[in-house]
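Worksheet for the structure shown next.
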Amino acid sequence: MNAPATTELPVVVIGAGPTGLAAAAHLIDQGIEPLVLEAGPTAGAAVRQWAHVRLFSTWGELVDLAAEKLLAPTGWTRPDPATYPSGGGWAELYLQPLADVLGDRVRTGTTVTGVSRTGRDRIVDADREQQPFVVHVAYADGREERLFARAVIDASGTWATPSPAGGSGLPALGETAAADRITYRVPDLKVPAVRARYAGKRIAVIGSGASAFTALAYLADLAKSEDGAGTKGVWILRRGISGSTFGGGEADQLPARGALGLAAKAAVDEGNADAVTGFRTVAIERTDDGRLILAGEDGRRLDPIDEVIVLTGFRPDLSFLDELRLGLDERLQAPVALAPLIDPNQHSCGTVYPHGHRELSHPEQGVYLVGMKSYGRAPTFLAMTGYEQVRSVAAAIAGDLDSADRVELTLPETGVCGGAGLFDTPDAAEADGGGCCAPAPQLVQLGAPAPVAAAAAEAPAGGCCGS
C-alpha cells in the first residue's frame, strides 16, 4: 500500500493525556487534522491511575486555552480556577469532555509499537525528509495497522516506566522477585483492600520528590486513624538532609506544592516516619517470614519491613522510536537543547526558560517529544509547560514560525534554588542555602515548630502531572 502525499496526512499525536489532547486542540486551531492514539481504554488513562491524588496546581493552571475554545460551544465551563482538583476530577471534568469533543480523532486501545519514515530505516539518507512518517499500531483486539502522518508528536508521558528502587538506576538485586510487596505508585488508602495492605505495617518509602511527600503524608494519616495503629513509615533518602529536602515550603509560589513538603516533614517530626539518609539500595532480600530487608551500597541492612513504595521518578520509553533520528541528552534523555534548561544537576528552582519547537526539535524533522516525556528523567514538569510546548509545535508544523517562536511562559518558582542536583556533593549542600547534607548516613528525626503541621493539614494532599 502506497502512502498518500504528506500534505494530505494528519499529524499523529501519541497519548491522550493533558498534553496530547491539548496538542490536538492546537492543531485544529491551526487548520491541521490530528489523530490521537491512546494505549489505554479511555482518554487520560494514566491520570486516572492516580485519581486519588490531589494536584498542587489549580484549575486555572490546568486548562489549555485552545482546548477551552473547543469545549465552549458544548456549554462546558471551567471549574473554579482557584480550586485544586484530584487526578480523577481533572480526568472526568476536563480530559474526558475534551476527548468527547475531538470524537473520532481520538482512538483508544491503540498502542504505538513503532514509528519510522516510510520505506526508510534510520540508516537511509536518500529522499528521507520527503517521506511521510509510518506509525505501526496494535489494537486491543490484536489487529495491527500502518498509519501515515505528516508529523508525529509524542505526548505519551513516562507513567508506564517508573524508575526502580536500585540506587544505580538498575533494579536492585531481588527487586523483581519481591514484586508482590513493592508498588511504584502512591497507594490509594481509601480503597479497603489497599488500606488493609498497609495498616499496621512497617513501610519503606524510597524517593525524595512530590510523590514521596504524598505517600508519607498518607501513611501518617493512616497511622493516626483507628484502624492504622502501628503503621510506621521508613523514608529512604539517597542524599542527606539539607535545606531543600522538604521543598520550598512557604517560599514556593505554588502554595500547595510547598505545603506538601511540609506535610512530609510533619510525618517525620511527629514520629510517624523515620528518615534514613545516604542510603542507596543494592539488594532486597526476603526473610523467612516473608518480610523484606533492604541492603545498601555501604553495607548497611535495614530492619525488616512489610512493604516498599518506590517513588524514584520516571523515565521515557524510547523503544518504539528507535528507527527515528532523535537528538537526546546523554544524561536526561531529553531533547539536547532543552536539557540544560531543566537539568536538576544544575538547578532546582522550577523556573524554566520559555521554550518551544526549536528546543523540542530533533535531527528527524517533524518529530517532537512534548509534555512530561520531553523532560526525559528530569522532575518538576507542570501542565502549563506542556500546553505552551504544543502551542508552539502546532504553529511550527503549520508554518507560522512567527507564532511558534513567540514563546512566553512564566512558571512559579519552587522556592528551592541552586544546583541541588541528584547526588550529594559539598557544592550542592552550600547551594541549598546553607543547609548541610548529613555528615554521615544515619537515622534522623527532625524537630519542627508546631505551625508547620497545621499548614500542611490545610493543603491539598499532593500533586503530580501526567502528560
Side-chain angles (χ1 to χ4, degrees), residues 1-15 19-20 23-24 26-39 104-105 107 110-139 143-156 316-330 333-339 355-371 373-374 376 389-405 407:
M1 175 175 142
N2 293 326
T6 301
T7 54
E8 301 172 5
L9 296 172
V11 171
V12 162
V13 178
I14 306 174
T19 307
H26 282 281
L27 289 166
I28 291 171
D29 200 44
Q30 292 286 350
I32 299 172
E33 194 64 17
L35 177 60
V36 183
L37 308 177
E38 167 58 47
D104 293 341
R105 297 182 176 101
R107 295 187 188 179
T110 307
T111 300
V112 174
T113 59
V115 183
S116 186
R117 289 280 189 177
T118 304
R120 308 288 189 275
D121 62 21
R122 67 184 296 162
I123 299 174
V124 178
D125 290 332
D127 201 30
R128 186 178 187 86
E129 292 184 3
Q130 282 66 53
Q131 304 306 311
F133 292 95
V134 59
V135 181
H136 284 212
V137 300
Y139 295 106
R143 291 181 300 115
E144 295 181 303
E145 187 178 4
R146 288 200 311 163
L147 304 173
F148 298 98
R150 62 186 288 185
V152 176
I153 300 175
D154 183 357
S156 59
D317 178 7
L318 302 168
S319 61
F320 59 88
L321 304 177
D322 195 47
E323 291 304 319
L324 298 176
R325 298 174 176 180
L326 302 181
L328 298 175
D329 178 76
E330 67 273 13
Q333 296 178 296
V336 289
L338 176 61
H355 62 277
H357 74 108
R358 296 195 186 277
E359 290 82 3
L360 298 169
S361 63
H362 294 274
E364 193 81 69
Q365 295 185 21
V367 174
Y368 301 93
L369 275 58
V370 300
K373 191 162 186 177
S374 72
Q389 286 179 341
V390 296
R391 185 206 62 77
S392 173
V393 166
I397 293 172
D400 185 359
L401 294 184
D402 286 342
S403 177
D405 288 336
V407 181

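Residue numbers start at 1 and run along the sequence shown.
- Residues Val390 and His26 approach most closely at CG2-CD2, 3.9 Å, considering heavy atoms.
- Side-chain contact between Val367 and Val115: absent, with no pair of heavy atoms (C-beta onward) separated by less than 4.5 Å.
- Every residue meeting the side chain to side chain donor-acceptor pair (under 3.5 Å) condition with Glu145, not counting sequence neighbours, appears here in chain and number order: Tyr139.
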Kindly indicate, with the supporting measurements, whether the criterion side-chain contact (heavy atoms from CB on, under 4.5 Å) is fulfilled by Lys373 and Leu321.
CA-CA 12 Å; Lys373 191 162 186 177; Leu321 304 177; 4.1 Å; yes
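- A donor-acceptor distance shorter than 3.5 angstrom exists from the side chain of Arg128 to the backbone of Asp121, with no hydrogens or angles considered.
- You'll find the side chain of Glu359 stays beyond 4.5 Å of the side chain of Pro335, heavy atoms only.
- Every side-chain contact (heavy atoms from CB on, under 4.5 Å) that Gln130 has, sequence neighbours left out, goes to Asp127.
- The two atoms that bring Arg146 and Val134 nearest to each other are CD-CG2, 3.8 Å, heavy atoms only.
- Residues Leu360 and His355 are in side-chain contact: their nearest non-hydrogen atoms beyond the backbone lie under 4.5 Å apart.
- Judged purely by distance below 3.5 Å, without hydrogens or angles, the side chains of Ser392 and Arg358 never pair a donor atom with an acceptor atom.
- When side chains are defined from C-beta on, Val12 does not count as touching Val112, because their heavy atoms never get closer than 4.5 Å.
- Under the 3.5 Å distance criterion, with hydrogens and angles disregarded, no donor-acceptor pair is assigned to the side chains of Gln389 and Thr19.
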Decide side-chain contact (heavy atoms from CB on, under 4.5 Å) for Leu27 and Ile153; before the verdict, give the C-alpha distance in whole Å, the side-chain angles of both, and the deciding distance to 0.1 Å.
CA-CA 11 Å; Leu27 289 166; Ile153 300 175; 4.2 Å; yes
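- Heavy-atom neighbours of Glu330 CD from other residues, nucleotides or ligands within 6.0 Å: above the threshold of 12.
- The backbone N or O of Leu35 lies less than 3.5 Å from no partner atom in the side chain of Arg107, so there is not a single donor-acceptor pair.
- Closest heavy-atom contact between Gly371 and Ser374: O-OG, 2.6 Å.
- The two residues Pro363 and Arg325 have their closest heavy-atom pair at CD-O, 3.5 Å.
- With contacts defined as side-chain heavy-atom distances shorter than 4.5 Å, the pair His362/Leu369 qualifies.
- Electrostatic pairing of Arg117 and Glu364 counts as a salt bridge here, judged by a charged N lying under 4.0 Å from a carboxylate O.
- Across all their heavy atoms, Arg391 and Ala404 have their closest contact at NH2-O, 4.3 Å.
- Looking at heavy atoms from C-beta onward, Phe133 lies in side-chain contact with Leu324 at the 4.5 angstrom threshold.
- Under the 3.5 Å distance criterion, the side-chain polar atoms of Arg120 are left unmatched by any main-chain donor or acceptor of Glu129.
- Two residues are said to be in side-chain contact when any heavy atoms from C-beta on lie closer than 4.5 Å; Arg105 and Glu33 meet this criterion.
- Put simply, the side chain of Ile397 does not reach to within 4.5 Å of the side chain of His357, judged on heavy atoms.
- Nearest approach of Pro34 to Pro10, heavy atoms of both residues: C-CB, 4.4 Å.
- For Glu323, there are no side chain to side chain donor-acceptor pair (under 3.5 Å) partners, not counting sequence neighbours.
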